[in-house]
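In this text the structure is predicted, and so the values were computed from the model without any measurement.
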Amino acid sequence: MKKLFLVLFAFFYLTLVKGQQFSFQMKFADAVGNTDSIIMGYDINATDTIDALFGEINIIGLPLDTSLDVRISNEWYYRNYLNTNGTYQTKKQIIYKNCTNFWYSVQSIDILTKHWPVTMTWDSTLFMDSCRNA
């Protein structure tokens with residue numbers, strides 16, 4: 001009985017390890033030094049819309065910062081496939097993914113600035129493992 005319990009515990013533990021959330025910050029800077037940032041990531045419990053569970057907030061109704069404003073949205077998908085406007089904009093987007101599936105959704109990063117070019121940076125060392133590199 002103890003062996004069965006140990007096997008079940010190990011199975012559920014490994015399942016949880018594969019489903020842990022991963023997120024990272026992307027920083028943006030325009031040609032005159034204005035900065036903004038977003039957070040992107042994935043989790044097995046997330047969806048490709050707004051999930052309050054992960055602290056995502058739909059800010060589509062908030063005015064844009066005209067110096068530099070970066071947002072994640074579903075605008076590209078809605079315009080290209082549904083011929084209409086997107087339904088959300090957010091500064092944080094966690095999407096569904098686990099390390100065993102190979103399905104990746106398109107996430108739009110919308111940038112508003114008057115001072116191009118815009119430089120984007122992130123910690124590339126976070127993507128050294130095979131689960132995160134896509």
With a 4.5 Å cut-off on side-chain heavy atoms, are [Y] and [X] touching?
| X | Y | value |
| --- | --- | --- |
| Asp43 | Lys97 | no |
| Tyr77 | Asp48 | no |
| Arg79 | Thr84 | no |
| Ile50 | Thr90 | yes |
| Met26 | Thr121 | no |
| Asp30 | Lys114 | no |
| Trp116 | Thr113 | yes |

For the pair Asn85 and Glu75, evaluate side-chain contact (heavy atoms from CB on, under 4.5 Å) and give the outcome as yes or no after the intermediate values.
-> CA-CA 6 Å; Asn85 293 332; Glu75 189 74 25; 3.8 Å; yes
Considering all heavy atoms, the nearest [X]-[Y] contact:
| X | Y | result |
| --- | --- | --- |
| Ile94 | Met40 | CD1-C, 4.4 Å |
| Val70 | Ile38 | O-CG2, 3.7 Å |
| Asp69 | Pro63 | OD2-O, 4.2 Å |
| Asn58 | Thr87 | ND2-O, 3.2 Å |
| Arg71 | Ile59 | NH1-O, 3.1 Å |
| Val118 | Ile111 | CG2-CG2, 4.0 Å |

Can you check side-chain contact (heavy atoms from CB on, under 4.5 Å) on Lys27 and Met120, steps first, answer last?
-> CA-CA 6 Å; Lys27 298 176 183 176; Met120 178 173 61; over 6 Å; no
Nearest-0.5 Å distance, CD of residue Gln25 to CG of residue Asp123 |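 Result: 10.5 Å between the selected atoms.
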Ile95 side, atom CD1; Ser23 side, atom OG - distance, nearest 0.5 Å |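 That separation rounds to 12.0 Å.
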Is [Y] reachable from [X] through a run of I, L, V, M, F, W or Y residues, each pair having side-chain heavy atoms under 4.5 Å apart?
| X | Y | result |
| --- | --- | --- |
| Trp122 | Ile72 | yes |
| Leu68 | Val32 | no |
| Ile39 | Ile57 | no |

Ser73 side chain to Gln89 side chain, donor-acceptor N/O pair below 3.5 angstrom =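 Ser73 vs Gln89: no donor-acceptor pair found between side chains.
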Donor-acceptor pair, Asp110 side chain versus Trp76 backbone, under 3.5 Å?
->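 No, Asp110 side chain to Trp76 backbone: no donor-acceptor pair under 3.5 Å.
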Without swapping roles, check the side chain of Asn74 against the backbone of Tyr88 for a donor-acceptor pair under 3.5 Å.
->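 Yes, the answer is positive, given that a donor and an acceptor are paired below the 3.5 Å cut-off.
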Of Tyr96, Phe22, Phe24, the residue whose pairing with Tyr42 passes ring pair (Phe, Tyr, Trp, His ring centres under 6.0 Å) | Phe22
What do you reckon, is CG of Asn83 surrounded by more than 12 foreign heavy atoms closer than 6.0 Å?
->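 No, CG of Asn83 has 12 or fewer neighbouring heavy atoms, counting only those of other groups under 6.0 Å.
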